[in-house]
Each structure stands twice: as structure tokens, then as C-alpha cells.
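Convention: sequence-line order gives letters A, B, ...; per-chain numbering from 1. Computed over heavy atoms, backbone and side chain alike; hydrogens, waters and symmetry mates excluded. Keep in mind that this is a model prediction, so the values were computed, not measured.
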Amino acid sequence: MEFAFTDEQEMIRDSAESFLQDVSTSEAVRAAMATEAGFDSELWQKICSDMYWQALHIPEEYGGLGLGYVELAILFEEMGRRLLCSPFFSTVALGVNSLLVAGNDEQKSTWLPQIAEGALTATLAYTSQNSWDAESITAIAIKEGDGFVLSGQYKYVPDGHTAGLLILAAREEDSSDEEGVSLFAIPADTVGINCRWTPTMDQTRKQAEITLDNVYVESSHLLGEAGTAWPQLEKIVQLAAVAVAAEQTGGARQVLDLTVDYTQERVQFGRTIASFQAIKHRAADMMLQVECSKSAVYYAACVAQEALFSNDKAGEEVAEELLVASALAKSYCSDAYFHCAADSIQLHGGVGFTWEYDPHLYFKRAKSSETYLGSGSYHREKIAQAIL
Amino acid sequence: MEFAFTDEQEMIRDSAESFLQDVSTSEAVRAAMATEAGFDSELWQKICSDMYWQALHIPEEYGGLGLGYVELAILFEEMGRRLLCSPFFSTVALGVNSLLVAGNDEQKSTWLPQIAEGALTATLAYTSQNSWDAESITAIAIKEGDGFVLSGQYKYVPDGHTAGLLILAAREEDSSDEEGVSLFAIPADTVGINCRWTPTMDQTRKQAEITLDNVYVESSHLLGEAGTAWPQLEKIVQLAAVAVAAEQTGGARQVLDLTVDYTQERVQFGRTIASFQAIKHRAADMMLQVECSKSAVYYAACVAQEALFSNDKAGEEVAEELLVASALAKSYCSDAYFHCAADSIQLHGGVGFTWEYDPHLYFKRAKSSETYLGSGSYHREKIAQAIL
Amino acid sequence: MKISFSSEDEQFRQEIAGWLKENLKGEFEQLRHRGGPGDEHMFPEERKAWEQHMAHAGWTCPGWPVEHGGKGLSINQQVIFHEEYARAGGPGHMGHIGEGLAGPTIIAFGSEEQKKRFLPGIVNGTEYWCQGYSEPSAGSDLANVKTKAHQDEETGQWVVSGQKVWTSLAHESDWCFVIARTEPGSIGHKGLSFLLVPMEQTGVEVRPIEQLTGTSEFNEVFFDNAVTDAGNIVGKPGEGWKIAMALLGFERGVSTLGQQMHFQNELDQIIEVAKGNGSSKDPAIRQRIADAWMGLRIMRYNSLRMLSGGKDGALQKEAMIYKLFWATWHANLGKLAMDVLGNESEILDEGGSYELTRLQSMYLFTRSDTIYGGTNEIQRNIIAERALGMPKEPKGR
Amino acid sequence: MKISFSSEDEQFRQEIAGWLKENLKGEFEQLRHRGGPGDEHMFPEERKAWEQHMAHAGWTCPGWPVEHGGKGLSINQQVIFHEEYARAGGPGHMGHIGEGLAGPTIIAFGSEEQKKRFLPGIVNGTEYWCQGYSEPSAGSDLANVKTKAHQDEETGQWVVSGQKVWTSLAHESDWCFVIARTEPGSIGHKGLSFLLVPMEQTGVEVRPIEQLTGTSEFNEVFFDNAVTDAGNIVGKPGEGWKIAMALLGFERGVSTLGQQMHFQNELDQIIEVAKGNGSSKDPAIRQRIADAWMGLRIMRYNSLRMLSGGKDGALQKEAMIYKLFWATWHANLGKLAMDVLGNESEILDEGGSYELTRLQSMYLFTRSDTIYGGTNEIQRNIIAERALGMPKEPKGR
């Protein structure tokens, strides 16, 4: 038991911190978020070729660095802190995790090296509804010959209009809930797939709607077994939730820093406003939430690491622990980030709600990331089910 | 429309305020709460004969003063403020209201003059469960000859061990929920009735358990019609909830005053602690809750007045308004009082949690009154049912 | 204390409700529920036309005394007027700063000439007003005003220089009332004056402030040797603070009830969404909707207590909590709206670069409610110090 | 960063768990889950006997270095020790102030003689300690200590006069460490010393403070020319502040994990009640139980970060939030317990005049958690000033 970062992990954080401080400035974020793609492809290529982050937790046998989920969480935290606009989250937290959890060796060998090279981005689509549970999957997969015909709709898909590889969930006809779910890995340019950008309130992470119109795919695109993929999908979603929570933690840290800095400068009634208890105590509460967010995320990342890569532990025990650890992290960090970002606007006073200052960017990201994969109360109910 | 007190109402408040300040001191409350009866019978007789409060809203034809529910709410507020230990709430908010709502002229003529004279106290018992809805009534009333045989148990009955007249709810065998409920007015010394004090965390208002062992009563004790009394009982409970909310408002006012006074005296770090923003802002939030509690209660009292005494308005409309107005008042004031009392302990610092200082008396009363007749969230759900 | 209206008042309710039904249609239909807080920049010309339409029928400034062009309505009838106006979805008054602030100030403190000159334009809907209070470095601290004014020795005109901020509708206004420092070297509350300055002149520049909604309801206003006639000062030089404080009292009047009806309309829309998408079955959402409903009711009762209470414009306790309560309530409503919408809360309207839906716009704009016009923190200071008599903050060391 | 224990550590877990199972029974059975916060006054003699029973087996002060009578356990093994102790329902340590505060302070700053004199009594469970920090007029402000001490010119003994407050277990203790002002006329942090004073003497009077629970866990302690030998000062005269600050660091150690297991036990009882009376089906209660469970987990992770981090006793960020977090969490847990109990929350245990149930007692006592040992407000000041570098409050005018 050692709940501190190794020197190597600290190095990863330091290099991420200094790199992102240079490339993901407020100006860069604002330029990228105004585009439909939502990211600067030059910067993305630079990340892929210079930093090699997209390959971080891809095993070495598939061309990756073979590092773990704690290292990944560090990156997500730093990216969230700088609101990095990139397809990293969708490609790594959704795409790579899907292939690692549900793919067979051939599928991993096909896709992971391309991702590791920076030649391919990916995402995951499953819900078409206003929820994130199994019943939100409504796309239908019908067995036909040696393959499947897929039809249906997906909503709220991160980077769904730019990703090269789509991980898609679909269900057998007449199945419901957790039954009959299958996962597929399908190139986005497959015939019958239409991906459309849906502009969002938070402009720093793009969403898309995807419609499938009788899309035929070979069985080789099926991840795992047909009709029984819900447990895999659930695990992928839990791993992704840990990544979101890490981003949220970084964002919360940054709004705290912005706020402390601003209040130290701003003078009212003859004092810097940072000297008022009303401000100090709000900042203290923000810090408490930031520190607790970190603890929740680092722990969840440790569990995610075991769930993804450890073979020596009882699988079911780790699966149960991942369920509660990811729900805890997503729930706590969602609420903490929202509160910190909202307080950041408040403590900035008049300039806090201008377009010019940055707090609103974080505030919007806090809300969109709270919503994505389910709110705090949604995840608390998951915990209640586990403990009551 | 005139949402301010009349001069007469202000006079009632002033006289209640000065009377209670003299007789319901911290010492008097502590002496009374240490007894099983829970009140000083000399003081109660003084109230009955000098102040005539117990007769306040009893119509003149039954020996009362014939005043209204707004005047009554003023008294409850002032009593709550001083934690007056007396059977006033049970006798008036439960007993008198029950007779006014459900009694026929003969029953009113039998009991109300005795109450108005100060010769009789009363209370209402219905639940035997951990809830306050119709299904919490489990006592059974069986028609037998010209009367009824009652058996069963009641819990959480205010002053149930000292009241002279018991208003009891019981249901027909095999009935459930809102069906089959009857109300009875029965002297506590009737054969087969056993009333036992159950000591409580809040010592300023006593509770009792009542058991009925084949109690035979004549039909003349039946209030209203057999088996259809739930709407009447619901209305009585709503009226009582308004009274509780008024008491809570008074309590919240008082803990705010205690807190402001104490913080003005206490010096720390070279300043009175009242000069610290952390203290000031908490006090400001307390005042906001106190003012909103008042608004909620005064409005609900106006509606209660119409519901009890007005004949010219559409009955159903007033009934609906009483439902939401009382739920609003009970919900808001329960939460506000608890927060104010808890903050009062906090802002008193070390002495706040001693037995010697008064905040804990209010804190305990806040909790017991929050629980009694249902918590804030219970009443919010009632509102949700009405508006959704 | 009673809560029902007289039959006379109820008849008045029929009258205004009927008029609105007959008139808020046709070309004005599109204005329903528009132009409220967060939406004030929308349809300015059309809303001015509506204002004049109302003026023709005598419905502007209904609470003003008859001698100044109003209807001299009782408090109860004003309550009814504002309720019915909001219930009908009447658009945000373009003239509300004139009607609610500039006008009452001129009536209370202005000269006869000023009353003749300025009140008819407000009543007729032909002249619009904005307020020049906040400054970038002063924020909520009016005593720190830095805008200066002096009288030109030759013309006697006031010459104003400085910068104001958070001025809504500045680009649509004809006049601005400006708090300026007219005694050089004065500090704090002293040496301030209350000037009426025309906006159409080279010395006045309006720069919109882009808000987190992507739109611009507020502005910065730069005065660079802007001029106004010698007579356009309300009260005497140096009385600016006194007048400004009185004006704060005018802000909290019957119009709060109109604001509440606007809130009610937002809440109704949220309830409709909740019923539509099933989130009304979520127990946590139910609690929050009930809580929002309760808060709005309490706001109404608070207002009624305010209106029934002291009529001298002095701040009562229930008035002091008003801003803190509604601003916090509204911010919570915004969050509730988004949580009721769930995943759909992110999706923008079609077309345009950042086309927020009504509820999204409301949600984002509510984050300013707890800041402008005195932050929640300032409100709590005011309550603690003025209502509870607690000590002031020590000044800086 | 990894969260699993080594097999060696897991073996240690078996050992201590087994010992507790074998020994916490018979006469000690009644002590299970007793003597925790809010219950510290219960079974003092029996718990002292238990302490000595543990000492015989070498289980007291397991984290101390072997040379001082401890087991020299690694951090991980200490974590395991405290977890298993609490899991078994081990009673509140009568010696925890000696083991956790007095002992470590003497080890860090005491003379060799002091170590020889005082450490064995702590390890053997024969001498018990209390702390003399807070004073009535000083509250959370240690720099305002008024208790005085001087050296008798003849005997060289320290003579102590003054009043301490919120001293738990004072009437069960043999020694008290006292912060006293030894330089006459000194102010603030200067001139304070750290003295070890025997409780059994005529100059020391202990008066229990009756709390809102009706019981007395805390005391006032009056020193009226109480004496202690010249050698019973830790460090030099005037070093009291430095030592007291270091001691604050000792407070936040592995024992926090034991506290958490105690909390877990309370939460488990609440969950049991909720399942029993059906409130576990109430969605709002479900949310709150999940939230409590989350908070406890987070507390644990915070502790693990603290323990894995800087070992120099300096306060890290995660240590600074610890008190604020657990105190607030625990107060919420108290309220949750009552709300889960519903109507039953009011009903006392049978017998006695004010016989609170365990959960009622916990509920009421949690109201002191956010006050003693530095109020939440003080904690927020510390966080803002020391962790975030925000300015100090201006002193009084």
C-alpha cells in the first residue's frame, strides 16, 4: 500500500503541466472551440508524435508505452485543468479502453497500433436517450449471414463527427435492458453511417449525433460475444467515468487557482478582496473539494488499473470495487467541479460572467461533464444499490 | 389584500411577548421540562384565567373569544420563541381544531366551553407508525350496539399522558389507507385507556403512548360520520402543522437574537466575533430564513383562517390552498429552524454545546418539531404531488 | 392581515387582463415573454413601439401620481397590474429604468422644470433611460466613484469624464443618470452629485460587454468631456449620495411581483419539460421543483409584506433580504432547469453560432444575478450591519 | 501508487485480528464499541484494565520506536492495526492522549530523563494523560493563553495558576501537559512553555462541564498554585509554541483510520436501522446514505495520502482539510441517523432521567465536533491563509 505518486509519475505530471501551459492557453482553447472539429489538428499531431500520450496505456505489444491508469489519470487531470481541446478523451478513455476491455487479440492488433501511431481517433456511442443505463441503447443489430446489419441512432457522442473509429453498442431485436447488447468496432466511413455535429453549450468538448441506416458489418467487427456485451460496456463506461472525474479534478484545481489569484489582485473597500473572510472561506471550501476530488480520483485510478491489467486478483471483487470507486469519483468530482466553477464566477464578481474572462469556460465544462455519463445523484443511487 | 398586522394583532403580540418573557424564562423552562407532566400547572392556570389564550379562536357561542387563526399564529410564534412548556399546543391546535373541524354542535357545546374555561386539556392521537399518513392509523373501531369498541395503539402523542380529552382516530376492520377512518372524542379516564409517558430527546414537549384495550364508547363520541373522517383529520393535521410552523418561526427568531447578542459580546483575536464576516454572513442567512419563515406562516395562517371560518369561498379551492400553504410552512420552517438552531450552537462556540446555555434547548425542539407531523422533504413531496 | 382582494380590485384585474389580451397580439405577439433579464437586448425597437402603444392607452407608469401622468393606482392595483402584465407574457419594459428609477427620483428630488422636461418622455415612451452607477474599480462600492464632473466656466454646463460599467440598455437610451464626483479631492460619500446626461453626443461612447451567454446586455459607458446643461442636476451639488440611497429604496417595489410572474413562467416551462421527459418522476427532481415552487411563493409573500409595511421607502427587514433571496433562488432554478433537461441541456438551438435556448440562456445569465446590483456577499454585509446591528468590517490596514 | 497490501502485511492483519478476537471477550465484552467520542466518560476503570491487558501483550503504542517500548510498526502495519482494532469494536483508548500526543512530544523534544520517567507509564497503561490547551477567554486562539507559571525560588519547582477548559478525561488522568506563560508580560506566541503537571495535588481542581447530552466528557481544570518539578518542562522555557505546533501535526496520524472505522461502525448501524424500518427505500435517504458512505471513503483516501506523503510532520494540504471534513461529515451523519430513525429518533432509552441511545448521543455530540479543537471557521482561516496564501484578517480596530 503506497498512496503517493512515484517519481516517474511526478515526471509525467511535470512534463504534461509545462507542455499544456504552453499549448493550451486561453487563446488556443477559444480558437479551437470556435471550430466545428473542436480541436487544432496540428496540436493533436504534436501531442501524438512528441508526447505520445495517446499510446500511454496501450500495451507495448500493440505499439504503446504500456503504462497504467494512474499515469493516465494524471494526464486527464492536467488536460482538464487547461481545458485542452483534443480528441484525446474520446480516443483513449472511450476507444482504447473499449478495445482493451472487449476486443480480441486480432482486433487489438488491428486498431491499437493505428491509435498508438496517432493515425486514428476513436469514440464510443451507445445511448440514444436521456439516460446512460443499458435501456438507453436502442440501435438494433440483426445477424445476417456472416455479419450484422445495424440500424438506429446515437446521441451525445463525444467527437462523434470527427472520430475515425466508432465503438457502437446495439441490441438484438426485442431484447431489453442489459440483455442482448453487442459491441462493434466500425470505421466511421462505413456506408450507411451518418455523423452530425450537434453544437453544445460547452464548446470545449464537441458532441455528435450518429445515425445508422442498415449498416452491414462483418463479424470481425464484433467485440466479444454477440448479445452479452453489457458487462464489458459497463466496465468501459466506468473506466471512462474515472477519466472524466480526473478532468473535473483538474478543472476544479484551476478555477481555484484563478480565483485565489484574482481575489489577491482585486481591491474593494480599501483591501484586496482575498482578505475578506467571505472570500477566504469560500476558497477554503473549494480547496477542500479539490483535495477530496484528488483522493477520490487517485483511488479510482488505482482500482481501474487493477481492473484493466491485474490478473492475480479475484475478478469479481475488483469489478465490484470499480463500480463503487468510479461512481464515487464521478459523483463527487461532478458536484465539486460545478460548485468550484460556480463559486469562481461569484468570487470574480462582475468580470466573472463576461465572455472575456475564463471562469465561464470552466463553468460550462463543469456542467457538461456533470451531465455526461450521469450526474452526481445518478451515481449516488448506484452506490446506494451496492450498499443497501 | 392587506398583508400586515392590524393594531389589535400587534397588541396581542406585545402582550404575549411581555407575559412570556416574564413567565417562560430559561429557568422556568428547565424546571418544567424536568417533570413528567412537562408543564407548571399553576402557570397554565394563570394563562387560562389571565390571558384567556386557550379560548382565543373558540367561537363566542362556545365561550371563546372568537378571534382568528392569524391571532393564534402570533401566540404560537411567541410561545415557540420562549419554549413555553404548556399543554397549549395539544389543547388548542389539536383539540380545539379537531372539534371545530369535525364536531357537531352538541359535541362543540360539550367540550369547547370546558376548554375555554381552562378546565380541560386535550390532544389528538392517530399514528402508531413511523409516518403521518392515513395508513399510519392502525387502531380499530368496531360498531357494537349503539356504540363502538376501540382497540389499538397510538404513538408520539403530544401531552398524551396529561390531556383530559383524547381525539382518537381509528379505522374499520380490513380497511386501509384513507378508507374507513373515524374520529372520536373520548375522556382520557375512560375504562380501557392507558396513557404512558415516553421520555424524549426534546424535553420541552412531552410525548406519550396510548393503548386502547376494548374501549367501549357511545356513538355520541363519534365526530362526524363513521368511516369517512380522513378528510377532516387531514385538515386538522394541516391546521396543526401551521401552528407548529409558527412555533418554529418564533424559535428561529430567538436563536438568531441569542446568537447576535452572544457574538457581540464574545471577543476573540482582539475583536468581537460579531465583526467577522464568517459570523455576520451566517447571521444574515439566519435572518433571511427567519423572515421567510414569517412570510410562510402568516400566509398559511390567513389560509387557515379562511379554511376554518369563511363560508363565502369555494370550499374546495380553500382546501387545496390549505394543503399547499401548510405543507409549505411546515417544510420551510422545519428546515429553517433546524439550520438556525444548529448555526446558533456553532456560532456560540464552546459554550454552545453545554447544557448551561440555551441553544441546545432550541436545537432539540427544532429537531422534534421537524419530525412531528413530517419532515421538510415529506411536505415537499406533498407539494410535488399537488403541482406535478 | 388578509389575502383576498376586494371586488373592486378584482374588477380592475379584469380590465387590465382584457386590455392585454386585446392588444398583445399581431405585431406584438412575438414579444411575449421576451426582453426579461438575460434577454433585455432583444427586440429593442419593437419593444419601444409596444411601450408607446401602452402609453397611448395610459398603461405606462400606472403607479405614478396622476399629476405626473400616472394612473395613481393603489398598491393593490399596482400588484394586480404587474401580475397580469407578467401573466400575459408582457415583454420586458424598455422604459423600466425611467419608470422605476429616474422618474421616481425626479418626482422626489427634482425641480419643477425637471419634472416638466423629463417625466412626459418617460410616460409617453419616447425617452429612455439608463443608469450610471457602477465603475470598474468601485464595483459594489459606490463611495469609491471616480467619475468626475465640473461646471464649464463659460457655458455653465456640466462636463463629465469617467467610466461606468454594467449599464444595461445604454445603447438604447436617450439619457443616463450619472453619479459623479463634483468636488475635486472629495472622498467617500461626500462631494458626489446626481447628473442627468444625454447619451447622443460625441463625448459618450458605449461599448457592449460580451457576457457568458455570448450576448451583450450590459455595457461600459465612457464619458470623455461629455456635457449636460447646468440645470440637469437633481438636488444640489454634493447631494448625490443621499439621492442614490433613496433611489435604492425605489428599486424594491411592486415591480418585484412582475418579476415573480416572469419567474413563474420559467418554472412552468421547467415543469412542462419535466413532465414531458419523465424527470418529474425522479424523487430528487420532485423535491427540487417543489422547493423552487415554495421559494417563489415565499418571494411573493415577502413582497406583499414589503408592500403592506412601512410606506416611507425605508428599508424594512423583509426588503433587505429580497435581492439575496431572489438571486440565489434564480440561480438554483437555472441549475434545476438544466438538470431537468438532462442530456438535452447541452444541445443548442439550430442555426447561429451560439444559439442558446431560453432555458439555457436563463441558466447562464442567472450566474450574474448573484453579482450585479450588489453581490450576495454585499447583501449579507448589509443585512448583518443594518438589520442586525453587527459591526462593520475593519477597513484595510 | 498502489492500494493493495503486501502478503507480509496481510499476515500481520491476521495476527492482530486473531489476538483481538481471543482477548476482547469475557470481562471486556461489554467494552466493544464503547468509549469513543461522545462516550469517553464511560467505563473508565474497565478500559484502563483493558489498556493494561493490551500492554501485557505488547499492543500499546505499536507505532512507537522499539527503543521507547513500541513495536516500531511500519505505517502500513499501523494502518492495519488501527483498522482491525476498530473493526473488532475495540474500546476507546484511555491512553490515547499519552500515546498520540504526550508520548510523541516527549520522544521528539523531551530529555532522556523525561523519556525514562514518562514513556513506560504510557506504554504499560499505568499512567494517563490529558491536555491543557484551551482557555475560556482564549478559545481557539492559543496565542491568547493566560495561564501563568513561574519557578519557585527555593524549590525550583514550577508553580502554575490559571484555568483550562474542554479537557477531556481530566478526572481520569495522572498527568496534564499544560501550555503556560512563563515570561511575565509576554504576549502572543512568545514566552509560552510546555509543562508536565501531576493532576493529584491540592492545587488542581477538575470540574466537569455538562454537555447538551446531559453527560460530561469535557472538564474545566483550575490550577491554583499547582506545582511540578523543575525538570518537568519539555524543551526550554519559551519554546511552548513551537512544541505545541509540532504536536498539532502528531494529531493527524494513523489513528485517524481508527476513528474512521468507528464512524463506519456508526454508519453500519444507521444502514441497519434504515433497512429495518424501510427508510432505506426512501430515495432521499438513499442519496444521503450513499453520500455518507462516499464521505467516509474519501476520508480514508485523504488519510492514506497524508500517511504516504511528507513524513516531516509538516502540514500538507490534505492534512489541513482533515478536521473540517470529518467534523462536518460527522455532524451530517448525526442528522442522517435521526432522519433515518424518523419518529423513533425522539424516544429515549428506558430508565434514567435522560438516557440517550447510542445514535442520539452521537447525533447531539457531533454538534461539538465542528467546534472543539478549532472551529470550522478557524479551520477555514487556516486553510485559506496557510494553504492558499490568502491574507490574514485585520486585527481589531
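When each of B:Thr272, B:Ile383, B:Leu288 is scored by its heavy-atom pairs under 4.5 Å with chain C, the top score falls to B:Leu288. In terms of heavy-atom pairs under 4.5 Å with chain C, the best-connected choice from B:Ala327, B:Ala386, B:Ala274 is B:Ala274. Ranking B:Ala301, B:Ala284, B:Gly68, B:Ala283 against chain C, the residue ahead of the rest is B:Ala284, based on heavy-atom pairs under 4.5 Å. Taking C:Met294, C:Lys275, C:Glu377 one by one and counting their heavy-atom pairs under 4.5 Å with chain B, the maximum is reached by C:Met294. Of all the listed residues (C:Met299, C:Arg297, C:Glu385), the one sharing the greatest number of non-hydrogen pairs under 4.5 Å with chain B is C:Arg297.
Taken to the nearest 0.5 Å, the NZ atom of B:Lys294 stands 5.5 Å off from the CZ atom of C:Arg305. Going from atom CD of B:Gln289 over to atom CD1 of C:Ile298 covers 10.0 Å, rounded to the nearest 0.5 Å. To the nearest 0.5 angstrom, B:Ser295 atom OG is 9.0 Å from C:Phe325 atom CZ. For the atom pair CZ of C:Arg380 and CZ of B:Arg282, the computed distance is 11.0 Å after rounding to the nearest 0.5 Å. Going from atom CZ of C:Arg286 over to atom CG of B:Leu388 covers 5.5 Å, rounded to the nearest 0.5 Å. Rounding to the nearest 0.5 angstrom, the gap separating the OH atom in B:Tyr332 from the CG atom in C:Asp291 is 9.0 Å.
At most 12 heavy atoms of other shown residues, nucleotides or ligands fall within 6.0 angstrom of atom CD in C:Glu8. Around CD of B:Glu135, the count of heavy atoms belonging to other residues, nucleotides or ligands within 6.0 Å exceeds 12.
Interface residue B:Glu321: only side-chain heavy atoms are found under 4.5 Å from chain C. Contacts of C:Asp9 with chain B are absent, with no heavy-atom separation under 4.5 Å from either backbone or side chain. The part of B:Gln264 that comes within reach of chain C is its side chain, from C-beta onward, which places non-hydrogen atoms under 4.5 angstrom from that chain. Contacts between B:Gln305 and chain C at a heavy-atom distance below 4.5 Å are absent for every atom of the residue. If you measure heavy-atom distances from B:Phe276 to chain C, the contacts under 4.5 Å come from the backbone alone. Of the two parts of B:Ser293, neither the backbone nor the side chain holds a non-hydrogen atom closer than 4.5 Å to a non-hydrogen atom of chain C. Residue contact with chain B, scored on non-hydrogen atoms closer than 4.5 Å, involves the side chain of C:Asn76 exclusively. For B:Val303, the parts sitting under 4.5 Å from any heavy atom of chain C are the backbone and the side chain alike. With a 4.5 Å cut-off on non-hydrogen atoms, B:Gln277 touches chain C through its backbone and its side chain both.
When all heavy atoms of C:Met390 and B:Lys280 are compared, the pair lying nearest together is CE-CA, 4.0 Å. B:Ile387 and C:Ala290 get closest at one heavy-atom pair: CD1-CA, 4.4 Å. Minimum interatomic distance between C:Leu324 and B:Asp285 (heavy atoms only, all atoms of both residues): CD2-OD1, 4.0 Å.
Of the possible donor and acceptor atoms, one in the side chain of C:Gln287 sits under 3.5 Å from a partner among the backbone N and O of B:Ser377.
Classified by interplanar angle (parallel below 30°, tilted 30° to 60°, perpendicular above 60°), the ring pair B:Phe3/C:Tyr301 is tilted.
Contact check for C:Asn381 versus B:His281: side-chain heavy atoms found under the 4.5 Å cut-off. Residues B:Leu328 and C:Trp293 are in side-chain contact: their nearest non-hydrogen atoms beyond the backbone lie under 4.5 Å apart. Using a 4.5 Å heavy-atom cutoff, the side chains of C:Pro391 and B:Arg271 are not in contact.
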